[in-house]
Structures are given as C-alpha cells and as structure tokens.
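Report on the following structure.
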Amino acid sequence: VWSWGLDGNYQLGNNNSVNASSSTPVEVCAPGSASYPCTTFLQNAIWVSASSSWACAATSPSGNVYCWGSNSLGQFGTNNTASTQVPVEMCAPGTCASYFTGATEVNAAAGHSTILKSDGTVWANGTASFGELGNGTLSTFSYTPVQVCATTGCGGHLGGIVQVSTRLNFSFARDSSGNVYSWGNDV
C-alpha cells in the first residue's frame, strides 16, 4: 500500500513523527512498526480507502482490517480514540480479544467506517451523530464494529450485500438483486 499528500494526522502511515507531507508515494508501514523509516510494510491489501485524515485497508486472505491516522471518533474500531502513525488492526464486533475477519471492502468517511464482509453483511464503527452506523442510534459512538440494520427499528440486518459506498456522514449498499439501501444524514 502506498500513500502521498498531506500528513498532518499521520494519514500516510509511514511512521514519520514530524507529519511530513509527501509529493511522491511512500509505502505504508506494517502494523507494529517501531522505526522510521520502516523496514516492513503492509501487505496483501485487497481494498484501500482514505478520508481526509485517516485511511484503512482490508487484507487477504482472512479479511483483516487495518487503519491509521486520526482516530478521534473511534472510526478504527479499536475500542479507543487513539490516533496512530502506523496501521492498527480493527477489533472483532464488541471485543478486542480477537480481530475483525472476512472483510472484502472497508470505506473511510468523516468520522466512521463501513465494512463489507464476504458473507454479505455490513458493519460500521465510529460516530452515529447522523445515523452513520445504520444501527438505529443517533448521537452515540461505537468503538468496535456494529452490524447495519435492514429496517427502521432494526428488525433484522442487511444481507446479500455486494457493494458499499460511504461518504461524509451517509452510506449506500447494493444487494445482489440490485436493490439499494441508504442510511445516515438526509438519505
């Protein structure tokens, strides 16, 4: 994974503690890298998404998710709001005793992230100020992934999803039949 541009919140992921922006691509460090410059790098990415101050990648073969940069609203799903200079692994739903697996997509937005799993379910973490998590809550946060609901009142969860698109504070999902679902601000 390579990144370039502004690095005001460590969003380049190269463990440069001086927030040095780069006009040429730099390689994103491996999780846990302690030195600068890094000697090991994030590998096997199948999906990468960047917001203005942070980024995430889904990796193969097990679909783990890694995020780096500013985590001010808990959007990394690491059960905290600690920002990082190198990738950290997203927790499993509700616990950091294990890690999220099965991701085929991860989407970074203003203060939340969405994750599409290989089983067709959709998950989110971070802020829910405008319903971004899709779990029927407003004005709360989830620092670990929660499953996105299928209906108002959360009578079930989205399934059969093949694509997710996430922007500032809203998301869309498309299922295998072409139906489109939306949640968040003014959808």
| query | In Å and rounded to the nearest 0.5 Å, what is the SG to CH2 distance from Cys149 to Trp183? | reply | 10.0 Å
| request: Indicate yes or no: at least one non-hydrogen side-chain atom of Asp175 is less than 4.5 angstrom from one of Tyr181. | output: yes
| request: Report the C-alpha distance between Cys67 and Met90 in whole Å, list the side-chain angles of each, state the deciding distance to 0.1 Å, and finish with yes or no for side-chain contact (heavy atoms from CB on, under 4.5 Å). | output: CA-CA 7 Å; Cys67 300; Met90 185 178 288; 4.2 Å; yes
| Main-chain N/O of Ala58 paired to Asn64 side chain as donor or acceptor, under 3.5 Å | no
| request: Step by step, work out the side-chain contact (heavy atoms from CB on, under 4.5 Å) result for Ser33 and Gln85. | output: CA-CA 9 Å; Ser33 295; Gln85 296 171 216; over 6 Å; no
| Side chain Ser171, main chain Thr166, donor-acceptor under 3.5 Å | no
| request: Kindly say whether Phe41 contributes a backbone atom to a donor-acceptor pair with the side chain of Gln43 at under 3.5 angstrom? | output: yes
| How far apart are the C-alpha atoms of Asn125 and Ser113, what are their side-chain angles, what is the distance that settles it, and do they pass the side chain to side chain donor-acceptor pair (under 3.5 Å) test? | CA-CA 6 Å; Asn125 34 246; Ser113 58; 2.6 Å; yes
| request: Say whether, by atom type as modelled, one donor and one acceptor occur between the side chain of Asn9 and the main chain of Gln11 under 3.5 angstrom. | output: no
| query | Do Ser70 and Ser83 have side-chain heavy atoms sitting under 4.5 Å apart? | reply | yes
| query | According to a 4.5 Å side-chain heavy-atom criterion applied to Ile, Leu, Val, Met, Phe, Trp and Tyr, with indirect links allowed, do Tyr10 and Val28 form part of one hydrophobic cluster? | reply | no
| Under 3.5 Å, side chain of Thr104 to main-chain N/O of Leu116, donor-acceptor pair present? | yes
| query | Would Val146 and Val148 show up in the same hydrophobic cluster when neighbours are defined by side-chain heavy atoms closer than 4.5 Å? | reply | no
| query | If you group Ile, Leu, Val, Met, Phe, Trp and Tyr by side-chain heavy-atom gaps below 4.5 Å, do Leu42 and Val88 land in one group? | reply | no
| said: Do Leu73 and Tyr143 sit in one hydrophobic cluster, given that two such residues count as connected whenever their side-chain heavy atoms are within less than 4.5 Å of each other, even indirectly? | reply: yes
| field | Sidechain-backbone polar pair: Thr81 side chain, Ser72 backbone, donor-acceptor under 3.5 Å | value | no
| task | Answer with yes or no whether the hydrophobic clustering places Phe100 together with Phe76; edges join I, L, V, M, F, W, Y residues whose side-chain heavy atoms lie under 4.5 Å apart. | result | no
| request: Please check if the side chain of Trp123 supplies one atom and the backbone of Thr114 the other of a donor-acceptor pair under 3.5 Å. | output: no
| task | Would you check if the side chain of Thr59 reaches a backbone N or O of Gly63 as a donor-acceptor pair within less than 3.5 Å? | result | no
| query | Are Val65 and Ile115 close enough, and set up right, to give a side-chain contact (heavy atoms from CB on, under 4.5 Å), and what steps lead you there? | reply | CA-CA 9 Å; Val65 176; Ile115 308 96; 4.3 Å; yes
| field | Criterion side-chain contact (heavy atoms from CB on, under 4.5 Å) against Glu132, the qualifying member of Asn169, Leu168, Asn185 | value | Asn169
| task | Examine distances only and state if a side-chain atom of Thr84 and a backbone atom of Val86 form a donor-acceptor pair shorter than 3.5 Å. | result | yes
| For Ser142 and Leu133, what are the C-alpha separation, side-chain angles and deciding distance, and is it a side-chain contact (heavy atoms from CB on, under 4.5 Å)? | CA-CA 8 Å; Ser142 180; Leu133 301 182; 3.7 Å; yes
| How about Asn14 and Glu27: do any of their side-chain heavy atoms sit closer than 4.5 Å? | no
| task | Assess whether side chain to side chain donor-acceptor pair (under 3.5 Å) is satisfied between Trp47 and Ser49, documenting all intermediate values. | result | CA-CA 7 Å; Trp47 194 277; Ser49 180; 5.3 Å; no
| Asn15 side chain vs Cys38 backbone, donor-acceptor pair below 3.5 Å | no
